[in-house]
Amino acid sequence: MLPEIMDILNLRKKFNLSIREIASKLDNEPTFGWMNQVELGKIKDPSYIKMKKIYDYFEYVEKVKGKTIDKIFKKIISFKIGDDIRDVSNKMDRLGISQVPIYKNKTCVGMLTDKIITEILELDAENLKITLNSLEPIAPKIQHNSFLSTIKDIFKFYDYVLVEKEDRLVGILTRQDYNQALSLK
């Protein structure tokens with residue numbers, strides 16, 4: 001049984017989707033105009049096929065968008081400008097992580113990755129300290145209760161995202177974490 005028109009309207013609001021977004025996801029069939037007319041009650045007996053297409057899309061949205069990152073991100077560890085790179089590298093190895101945020105005066109100023117550490121350690125210099133010049137830019141930040149699907153496009157360009165809660169970094173979510181969460185559906 002298909003949902004009523006009000007059920008679809010409520011789902012659309014729940015997942016914060018516009019009619020235009022839904023129409024584009026369905027290759028404009030049903031069209032924005034048709035869906036708008038249905039929601040306004042101007043079409044009293046909408047097409048079963050079009051309603052089924054919308055219903056199927058919301059089944060997908062429930063599976064993907066309904067899952068938040070709250071339970072899948074990893075708690076974050078961080079270091080600060082001036083920390084010894086060897087110490088940071090050793091801790092990263094022990095914990096099995098490949099990137100950490102670096103702070104200066106309680107503000108995240110960049111990311112230190114295993115790739116950067118390798119390049120620095122290959123220099124075989126003494127007194128290796130973290131500096132601003134040795135960091136990657138800060139990764140994108142998302143809220144801890146963001147829907148899993150909202151970060152899909154971010155992973156096209158980044159290997160990880162930082163997770164915030166109440167304007168404080170609390171975790172990190174890697175592409176691998178994201179893929180694992182998708183496979184558990």
Practice item. I would like to know whether Ser98 and Tyr160 meet side-chain contact (heavy atoms from CB on, under 4.5 Å); could you show each step before the answer? Key: CA-CA 10 Å; Ser98 59; Tyr160 51 89; over 6 Å; no

Can you tell me how far [atom2] of [Y] sits from [atom1] of [X], rounded to the nearest 0.5 angstrom?
| X | Y | atom1 | atom2 | answer |
| --- | --- | --- | --- | --- |
| Lys91 | Ile97 | NZ | CD1 | 8.5 Å |
| Glu39 | Leu9 | CD | CG | 4.5 Å |
| Asn36 | Lys42 | CG | NZ | 7.5 Å |
| Lys13 | Met6 | NZ | CE | 6.5 Å |
| Lys80 | Leu112 | NZ | CG | 13.5 Å |
| Asp84 | Leu128 | CG | CG | 7.0 Å |

With a 4.5 Å heavy-atom cut-off, do [X] and [Y] have their side chains touching?
| X | Y | answer |
| --- | --- | --- |
| Leu169 | Tyr103 | yes |
| Lys74 | Val163 | no |
| Gln180 | Ile72 | no |
| Tyr178 | Ile151 | yes |

Practice item. Begin from the C-alpha positions of Tyr57 and Ile8 and carry the test side-chain contact (heavy atoms from CB on, under 4.5 Å) through to its verdict. Key: CA-CA 10 Å; Tyr57 176 70; Ile8 288 177; over 6 Å; no

Please report the closest heavy-atom contact between [X] and [Y], naming both atoms and the distance.
| X | Y | result |
| --- | --- | --- |
| Cys108 | Ile138 | O-CD1, 3.0 Å |
| Thr131 | Ile81 | C-CD1, 3.8 Å |
| Pro140 | Ile154 | CG-CG2, 3.9 Å |
| Pro101 | Ile76 | CG-CD1, 3.3 Å |
| Val170 | Phe73 | O-CE1, 3.7 Å |
| Met111 | Gln99 | CE-CG, 4.1 Å |

**Study point:** Donor-acceptor under 3.5 Å (Ser24 side chain, Glu21 main chain)
**Key:**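 Yes: the side chain of Ser24 pairs with the backbone of Glu21.
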
For [X], does the [atom1] atom sit with more than 12 other heavy atoms under 6.0 Å from it, leaving out its own atoms?
| X | atom1 | value |
| --- | --- | --- |
| Tyr158 | OH | no |
| Glu166 | CD | no |
| Lys129 | NZ | yes |
| Leu123 | CG | yes |
| Gln37 | CD | yes |

Practice item. Please identify each residue that fulfils side-chain contact (heavy atoms from CB on, under 4.5 Å) with Phe32, with sequence neighbours left out. Key: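 In terms of side-chain contact (heavy atoms from CB on, under 4.5 Å), with neighbours along the sequence ignored, Phe32 is linked to Ile19, Arg20, Ala23.
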
With a 4.5 Å cut-off on side-chain heavy-atom distances among I, L, V, M, F, W and Y, is there a chain of contacts connecting [X] to [Y]?
| X | Y | value |
| --- | --- | --- |
| Ile77 | Val161 | no |
| Val100 | Ile130 | yes |
| Ile120 | Leu132 | yes |
| Ile102 | Met92 | yes |
| Leu162 | Leu95 | no |

Check your understanding: Salt-bridged, Lys53 to Asp56, with N to O below 4.0 Å?
Key -> no

Check your understanding: Can Lys115 and Glu136 be counted as an ion pair, charged N to O under 4.0 angstrom?
Key ->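 Looking at Glu136 together with Lys115, the answer is no, because their closest N to O distance does not fall below 4.0 Å.
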
Practice item. Given side-chain contact (heavy atoms from CB on, under 4.5 Å), test Asp153 with Lys156 step by step and report yes or no. Key: CA-CA 5 Å; Asp153 290 335; Lys156 291 178 183 174; 3.1 Å; yes

Point to revise | Verdict with supporting geometry, Val38 and Ile54, side-chain contact (heavy atoms from CB on, under 4.5 Å) | key: CA-CA 12 Å; Val38 169; Ile54 295 169; over 6 Å; no

Check your understanding: Does a side chain donor of either Thr31 or Asn28 reach within less than 3.5 Å of an acceptor in the other side chain?
Key ->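 On atom types as modelled, these side chains do not qualify, holding no pair under 3.5 Å.
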
